[in-house]
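Beneath this line is the structure, given in structure tokens, with notes to follow.
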Amino acid sequence: MVAVTGSMPPSPASEQRAPRSPSAIIMRRILTSWQGQFGVVVLAVVVALGLLAPWIAPYSPTDIDPEAFSMPPSAAHWFGTDEIGRDVLSRVLHGATVSLQVVVFAIGLALVVGSVLGLISGWLGGRWDALIMRVMDAFLAFPLLVLALSIVAVLGPDLMNAMLAIAITKMPGFARLVRAEVLSLREVDYVVAAQAAGASPWRILSRHIWPNVSGNVIVYGSLSASQALITESALSFLGLGVQPPTPSWGYMVATGIQFYQSWWMSFFPGLAIFLTVLALNFLGDAVRDAFDARLGDRND
Amino acid sequence: MLSYLGRKLIQMLPVAFFVTVIVFSLTNLLPGDPTVTILGEQATPEQRAAVRVEYGLDQPAPIRYVTWLARVAQGEFGRSLRTREDVGAMLAARIPVTLQLGFLSILIAVTIGVPAGILAARYRGGLIDVAASFVAMSSMAVPYFWMGVLLIMLFSLQLGWLPPSGHVRFFDDPAQNMKLMVMPALTIGTAFAALVMRQTRASMLQVLSMDYVRTARAKGLNEGLVLIRHALRNALIPIITVIGLQVGALLGGAVVTETVFALPGLGRMLVDGIFQRDFPVIQGAILFIVIAVFLVNLLTDMLYRILDPRVET
């Protein structure tokens with residue numbers, strides 16, 4: 001809590017807290033729950049380590065050391081080295097930014113495109129609504145990973161395409177959510193009034209409807225983040241995500257599996273995925289509680 | 001009930017149309033020349049042209065879509081571009097593996113999840129509840145492939161109890177088959193157990209606050225009987241629903257798990273098909289998965305209505 005400071009003369013009014021914006025209230029709620037604290041702290045550490053990787057990583061993530069093939073964890077290599085002598089710790093650190101980048105952009109893209117489709121569908125209704133929603137339902141008929149796999153297969157395996165594939169799999173969820181909200185908000189008095197006053201659809205959607213939908217959209221987005229990370233790592237694991245030699249956690253586990261005896265090769269990158277997913281899950285729950293949203297479980 | 005089923009199926013028609021369009025476009029937008037996959041790099045232009053005609057690749061996309069759909073509707077998925085094997089036969093060989101994996105996973109999930117959920121609800125806020133929630137939260141954050149690796153490290157390398165990977169058909173050697181299936185089933189089963197546990201806990205909590213549970217307790221019935229006979233029976237419907245609705249996620253998990261444990265199932269078939277750009281195989285696998293998920297969801301929906309007479313049909 002920040003105390004009100006300044007040169008104002010003491011008065012009853014200044015004793016009271018300054019009025020807070022809704023977003024400040026939400027932030028406060030997130031940061032006061034232990035789930036939120038855990039999520040924020042772990043994610044902050046992961047992001048910081050990932051961003052600082054070029055400076056703090058003890059070795060280059062791609063440098064091959066012919067003297068140190070498959071070395072177990074030691075003082076020189078905390079997480080050991082892989083089958084061609086690359087430092088696992090350095091690779092795990094560098095892998096953080098890659099994975100999180102995919103999550104942020106994929107969810108961001110899904111949020112924007114899905115919300116726009118949902119707004120159009122809910123507002124226009126009729127044929128457009130039927131068309132958009134049937135296509136969204138068709139996408140939802142595929143298991144998430146199967147759809148993502150197939151899209152990457154078409155586009156070709158790389159980082160951007162993995163991102164796009166995850167965005168496409170998450171988009172129908174946003175579209176459905178926004179559409180449902182728009183349908184109920186269309187009948188609300190202030191929207192009807194705005195329409196009667198001659199406001200343009202654009203103005204009504206952006207000024208009257210979107211602010212009432214955005215909370216749930218943010219909640220859904222944060223609940224989807226962990227799923228996006230799991231999908232990303234699964235794609236990389238299958239060799240359809242980030243391409244070597246760029247380090248990625250999923251791919252590191254996949255190579256590690258071929259060398260069972262060198263457990264550290266797959267254990268540490270897997271641990272990194274686990275901790276990050278856990279943090280995203282907790283943060284998602286905290287965000288949901290903060291918005292007091294009644295959205296379903298994250299396993300939709 | 002039948003009229004409801006009919007309505008539901010008619011509602012699904014447009015969605016089914018778009019699903020087939022998506023599957024068809026996915027595989028037809030696949031980069032690379034399919035004739036290279038079939039004939040290799042060395043073929044002459046004449047040979048390529050002949051293959052194009054044989055596979056109908058010289059036709060425009062909408063016509064190919066209609067022919068493809070007509071064939072699929074008759075259960076004809078075409079042949080693998082690589083091995084010339086019939087995709088229908090490939091599916092028939094691989095479905096049992098995935099089916100067994102799925103069945104064992106659900107069995108494990110229910111065996112762990114339901115009792116844990118009942119206990120967590122009964123002792124709400126207690127040590128069991130907190131511990132169960134914590135374990136569930138963690139197990140949902142473990143990626144399938146990492147879980148697989150951890151299990152292999154523990155059971156194969158450390159303890160030496162189970163072979164790390166491979167597959168034997170159940171009817172050839174049941175003991176070996178189960179040995180090889182334990183770890184894959186645990187991989188998916190533990191993640192599902194978390195889900196089942198959370199749902200069991202939630203619906204048990206709801207049911208335990210009902211008047212008839214209070215009455216049963218007031219009658220002096222033994223607590224175990226109240227929990228099982230009165231509460232669990234009514235809490236079961238949402239639990240079954242959750243399991244049914246998650247079959248899609250289960251099949252997604254099977255893709256990864258079958259890769260880790262080298263199981264020749266449906267998921268592995270899809271991944272291999274993608275790597276080999278073998279589009280009839282990919283089409284067949286995806287289409288089967290989507291149809292399976294759709295049917296299970298429909299079945300769950302019907303079961304829900306049969307089990308709970310309050311739901312209007």
Side-chain angles (χ1 to χ4, degrees), chain A residues 35 130-131 133-157 226-227 229-231 233-234 237-240 249-250 253-254 256-257 260-261 263 265-267 269-282 285 297-300, chain B residues 12 14-23 25-31 137-138 140-150 152-153 156-157 164-165 195 198-199 242 245-256 259-260 267 270-271 273-275 277 282 285-286 289-290 293-294 297:
Chain A
Q35 288 102 325
L131 178 70
M133 280 305 126
R134 288 305 80 74
V135 174
M136 293 298 125
D137 286 346
F139 277 118
L140 284 171
F142 294 86
L144 207 127
L145 186 60
V146 172
L147 182 60
L149 264 180
S150 322
I151 296 171
V152 175
V154 172
L155 300 174
S226 63
Q227 223 174 29
L229 180 59
I230 288 205
T231 312
S233 60
F237 172 82
L238 293 169
L240 292 167
W249 293 341
V253 178
I257 285 188
Y260 287 126
Q261 303 304 327
W263 56 269
M265 277 175 62
S266 47
F267 179 79
L271 189 66
I273 301 172
F274 168 67
L275 284 176
T276 315
V277 171
L278 200 62
L280 287 173
N281 275 346
F282 279 132
D285 284 357
D297 229 58
R298 80 180 55 78
N299 299 286
D300 54 328
Chain B
M12 283 308 296
V15 179
F17 168 70
F18 285 116
V19 166
T20 56
V21 170
I22 292 172
V23 173
S25 356
L26 278 175
T27 41
N28 272 268
L29 295 173
L30 222 55
M137 203 68 187
S138 309
M140 287 200 304
V142 179
Y144 288 120
F145 52 89
W146 196 51
M147 189 64 177
V149 174
L150 294 180
I152 292 175
M153 282 175 188
S156 303
L157 295 180
S165 63
L195 226 85
R198 282 164 70 113
Q199 184 59 54
V242 157
L245 291 181
Q246 290 299 322
V247 164
L250 192 144
L251 284 172
V255 173
V256 172
T259 305
V260 174
L270 176 62
V271 175
I274 286 173
F275 276 111
R277 310 227 154 281
I282 305 177
I286 298 182
I289 290 174
V290 175
V293 171
F294 167 72
N297 283 352

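Letters A, B, ... mirror the listed sequences (proteins, then strands); counts begin at 1.
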On a heavy-atom basis, the closest approach of B:Val260 and A:Phe237 is CG2-CZ, 3.4 Å
Part of A:Ile151 lying under 4.5 Å from any heavy atom of chain B: both
Minimum heavy-atom separation for B:Gly252 and A:Leu145, please, with both atom names. O-CD2, 3.3 Å
Examine whether an atom of B:Val142 lies under 4.5 Å from a heavy atom of chain A, and if so say whether it belongs to the side chain, the backbone or both; otherwise answer neither. both
Let's test your reading of the structure: which of A:Leu131, A:Leu271, A:Val253, A:Ile273 forms the most heavy-atom pairs below 4.5 Å with chain B? A:Leu271
Can you say whether A:Leu275 sits under 4.5 Å from chain B via the side chain, the backbone, both, or neither, judging by heavy atoms? neither
For residues B:Ala141 and A:Ile230, report the shortest heavy-atom separation together with the two atoms involved. O-CD1, 4.4 Å
Please tabulate, for the side chains in residues 134-142 of chain A, all donor-acceptor contacts under 3.5 angstrom to protein atoms that are two or more places apart in sequence or on a different chain.
from	atom 1	to	atom 2	distance (Å)
A:Arg134	NE	A:Asp137	OD2	3.4
A:Arg134	NH2	A:Asp137	OD2	3.3
A:Asp137	OD1	A:Arg176	NE	3.4
A:Asp137	OD1	A:Arg176	NH2	3.1

Side chains of residues 143-150 of chain B: which donor-acceptor partners sit under 3.5 Å, not counting sequence neighbours?
from	atom 1	to	atom 2	distance (Å)
B:Trp146	NE1	A:Ser266	O	3.3
B:Trp146	NE1	A:Phe267	O	3.2

Under 4.5 Å to a heavy atom of chain B? For A:Ile257 that would be side chain
Could you state the interatomic distance from CG (B:Leu270) to CG (A:Leu149), rounded to the nearest 0.5 Å? 5.5 Å
With rounding to the nearest 0.5 Å, note down the distance linking CG in A:Leu240 to CD1 in B:Ile274. 6.0 Å
For the student: nearest non-hydrogen atoms of B:Met137 and A:Leu278, plus distance: O-CD1, 3.6 Å
Could you look at B:Ser138 and say if it's the side chain, the backbone, both or neither that has a heavy atom under 4.5 Å from chain A? both
